[in-house]
Amino acid sequence: MPTAVLTDRERTAVQAYLRLLHTVRAAFDGPPQGDRPAVVPPGVLAEAEAALRRAGLAGNEEEFFRLLREWCPTA
């Protein structure tokens, strides 16, 4: 399996995305609260978006997900 060597900014973007992914999964796995949709804290989403911008990956999802698959294939 190839190993991706990420820049610090790319690694930060991947880590922020994984935190966002785990937060969303936890929200959907939690007990249902009537008709309300699961809420993702705005700070978690903002962190992921800012990290993508700093890494130059905003708007380049194909490259970002390639890095993600290579660095963390189980995500």
Side-chain angles (χ1 to χ4, degrees):
M1 173 170 83
T3 302
V5 177
L6 304 180
T7 66
D8 288 341
R9 288 183 176 185
E10 290 170 339
R11 184 174 22 265
T12 299
V14 168
Q15 291 170 335
Y17 171 79
L18 290 173
R19 279 191 290 280
L20 175 62
L21 180 64
H22 292 289
T23 300
V24 169
R25 283 181 179 163
F28 282 109
D29 288 344
Q33 296 180 5
D35 292 342
R36 283 189 9 202
V39 176
V40 175
V44 176
L45 184 55
E47 175 194 19
E49 290 175 347
L52 285 170
R53 275 193 307 279
R54 284 191 302 272
L57 295 167
N60 192 352
E61 291 80 10
E62 185 177 334
E63 175 66 10
F64 173 71
F65 284 110
R66 183 191 64 75
L67 290 171
L68 180 66
R69 280 190 307 272
E70 289 179 5
W71 194 67
C72 186
T74 60

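Small disclaimer: the values here were computed from a predicted structure and weren't measured.
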> A quick test of your reading: do over 12 heavy atoms of other residues, nucleotides or ligands sit less than 6.0 Å from CZ of Arg11?
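Buried by this count: over 12 neighbours within 6.0 Å.
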> Which heavy atom of Ala58 sits nearest to which heavy atom of Arg53, and what is that distance?
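What the structure gives for the nearest pair is CB-CG, 3.8 Å.
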> Whether Glu70 and Arg66 form a salt bridge (side-chain N of Lys/Arg under 4.0 Å from carboxylate O of Asp/Glu) is what I want to check.
yes
> Please round to the nearest 0.5 Å and tell me the distance separating atom CG of Asp8 and atom CD of Gln15.
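One finds 9.5 Å between CG of Asp8 and CD of Gln15.
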> Nearest heavy-atom pair of Pro41 and Thr23: which atoms, and what distance?
CD-CG2, 3.6 Å
> In Å, rounded to the nearest 0.5 Å, how long is the span from CD of Glu49 to OH of Tyr17?
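If I round to the nearest 0.5 Å, the distance is 13.0 Å.
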> Can you name the nearest heavy-atom pair linking Val44 to Leu20, along with the distance?
CG1-CA, 3.6 Å
> Write down the atom of Ala16, the atom of Ala48, and the distance for their closest heavy-atom approach.
CB-CA, 3.7 Å
> Could you grab the distance from atom OG1 of Thr7 to atom CG of Leu67, nearest 0.5 Å is fine?
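So the gap between those two atoms works out to 8.0 Å.
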> Restricting to non-hydrogen atoms, name the atom on Arg54 and the atom on Arg9 that form the minimum distance, rounded to 0.1 Å.
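Where Arg54 meets Arg9 most closely, the heavy atoms are O-CD, 3.2 Å.
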